[in-house]
Amino acid sequence: MDTNGSPIPNVSLRANIKIYRQGRVDVWTRASAQTNAQGEYRIVNLPPGRYFLQAIRNDDANKPGRSFQAVFYPAAARIDAAESLRLAVGEEKRSIDFRLSDAATHGVSGRITFLDSGQPVPNMAIQVYPDYLGPGTRASVDAQPDGTFRLDRLTAGRYRMEGQQRRIEYHGVRPGQGPARRN
């Protein structure tokens with residue numbers, strides 16, 4: 001639910017475990033579930049163990065609506081400050097509730113150019129995704145003819161950005177051929 005006690009639909013609840021790789025802590029999601037319209041969730045088929053629950057809603061910045069901070073149980077921003085929940089064989093835990101705060105949003109802008117010439121890249125579609133398992137917002141935008149772009153309503157987090165040049169439709173000319181002739 002939000003800080004006012006209203007339910008939040010479409011929140012991903014993740015049952016994470018800590019794993020250690022090359023001397024550092026990593027997070028692996030063992031199971032997950034989505035909240036329904038009443039903000040309720042149920043994660044099933046978890047084997048016994050220690051879990052770090054995380055509530056996260058990766059929104060689409062292109063759609064209107066509120067954005068929320070991701071949180072580890074009970075109210076931690078990072079896994080190292082979270083409490084683990086121990087689950088025994090056949091045990092069921094109830095009333096593991098989260099209160100999500102509204103997230104501040106940010107904008108990112110830039111210009112896409114060809115490396116060799118510095119000229120703008122026409123028809124570039126730019127997409128932004130949260131880093132693997134991280135909090136964040138999905139967004140996409142088409143660059144302007146001068147190569148500039150702006151992405152708004154991004155929440156704090158680590159992202160990867162991808163660009164793909166859209167196919168250019170030429171009237172009367174096919175790519176790789178000269179002008180079409182009319183007889």
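Between R42 and E92 a salt bridge is recorded (basic side-chain N to carboxylate O distance below 4.0 Å). R150 has a carboxylate O that lies under 4.0 Å from a charged side-chain N of D152, or vice versa, which qualifies the two as a salt bridge.
Tracing side-chain contacts under 4.5 Å through hydrophobic residues (I, L, V, M, F, W, Y), one never reaches L154 starting from F68; they form parts of separate clusters. When the side chains of ILVMFWY residues are joined at heavy-atom separations under 4.5 Å, either directly or via intervening members, Y129 and M161 end up in two distinct hydrophobic clusters. Residue Y159 is grouped with residue L151 when hydrophobic side chains (ILVMFWY) are merged at heavy-atom distances under 4.5 angstrom, including chains of intermediate members. Using a 4.5 Å cut-off between side-chain heavy atoms of Ile, Leu, Val, Met, Phe, Trp and Tyr, with links allowed through other members, L87 and Y41 fall into the same hydrophobic cluster. Under the 4.5 Å side-chain heavy-atom criterion for ILVMFWY residues, a single connected hydrophobic cluster contains both I112 and F114.
Heavy atoms only, all atoms of each residue included: A143 and F149 are closest at CA-CB, 4.3 Å. Summarising the geometry of A82 relative to F72, their closest heavy-atom pair is CB-CB, 3.5 Å, with the distance given to 0.1 Å. Across all non-hydrogen atoms, the minimal contact from A88 to P48 is C-CB, 4.1 Å. Residues S140 and Q127 approach most closely at CB-CG, 3.9 Å, considering heavy atoms. Between V121 and T113, the shortest heavy-atom contact is CG2-C, 3.6 Å. Closest of all the heavy-atom pairs between P145 and P120 is O-CB, 3.7 Å.
A donor-acceptor contact closer than 3.5 angstrom links the side chains of T148 and D146.
Taking a 6.0 Å sphere around CG of N45, one finds it holds 12 or fewer heavy atoms contributed by other residues, nucleotides or ligands.
K93 places a side-chain N or O within 3.5 Å of a backbone atom of R86 that can act as its donor or acceptor partner. A donor-acceptor pair is defined here as one N or O able to donate and one able to accept, closer than 3.5 Å; such a pair exists between the side chain of T35 and the backbone of I8. Under a 3.5 Å cut-off, the side chain of S117 and the backbone N or O of Q119 do form a donor-acceptor pair. In terms of modelled atom types and a separation under 3.5 Å, the side chain of D2 and the main chain of N4 share a donor-acceptor contact. Checking side-chain atoms of R57 against main-chain N and O of L100 turns up no donor-acceptor pair under 3.5 Å.
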Under the side-chain contact (heavy atoms from CB on, under 4.5 Å) rule, what do V71 and Q69 come out as? Steps first, then yes or no, please.
CA-CA 6 Å; V71 65; Q69 291 284 348; 5.9 Å; no
Could you go through the side-chain contact (heavy atoms from CB on, under 4.5 Å) check for I43 and L53 one step at a time?
CA-CA 10 Å; I43 301 174; L53 295 185; 4.3 Å; yes
With side-chain contact (heavy atoms from CB on, under 4.5 Å) as the criterion, how do E162 and Q164 come out once you've worked through the C-alpha distance, each side chain's angles and the decisive distance to 0.1 Å?
CA-CA 7 Å; E162 299 174 358; Q164 182 176 9; over 6 Å; no
Steps toward side-chain contact (heavy atoms from CB on, under 4.5 Å) verdict (R30, Y51)
CA-CA 9 Å; R30 186 70 179 227; Y51 294 95; 3.9 Å; yes
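With contacts defined as side-chain heavy-atom distances shorter than 4.5 Å, the pair M1/S6 does not qualify. For the pair R158 and P130, the minimum side-chain heavy-atom distance is 4.5 Å or more. Within the 4.5 Å cutoff, the side chain of I79 has heavy atoms near those of the K18 side chain.
A side-chain contact (heavy atoms from CB on, under 4.5 Å) with Y73 is found for exactly one of N16, I96, L13, namely I96.
Separation of atoms CZ (R66) and OG1 (T105) is listed at 13.0 Å; rounding is to 0.5 Å. If you take CG on D102 and OG1 on T155, they are separated by 11.5 Å, rounding to the nearest 0.5 Å. Atom OG of S12 sits about 8.0 Å away from atom CD of Q54, to the nearest 0.5 Å.
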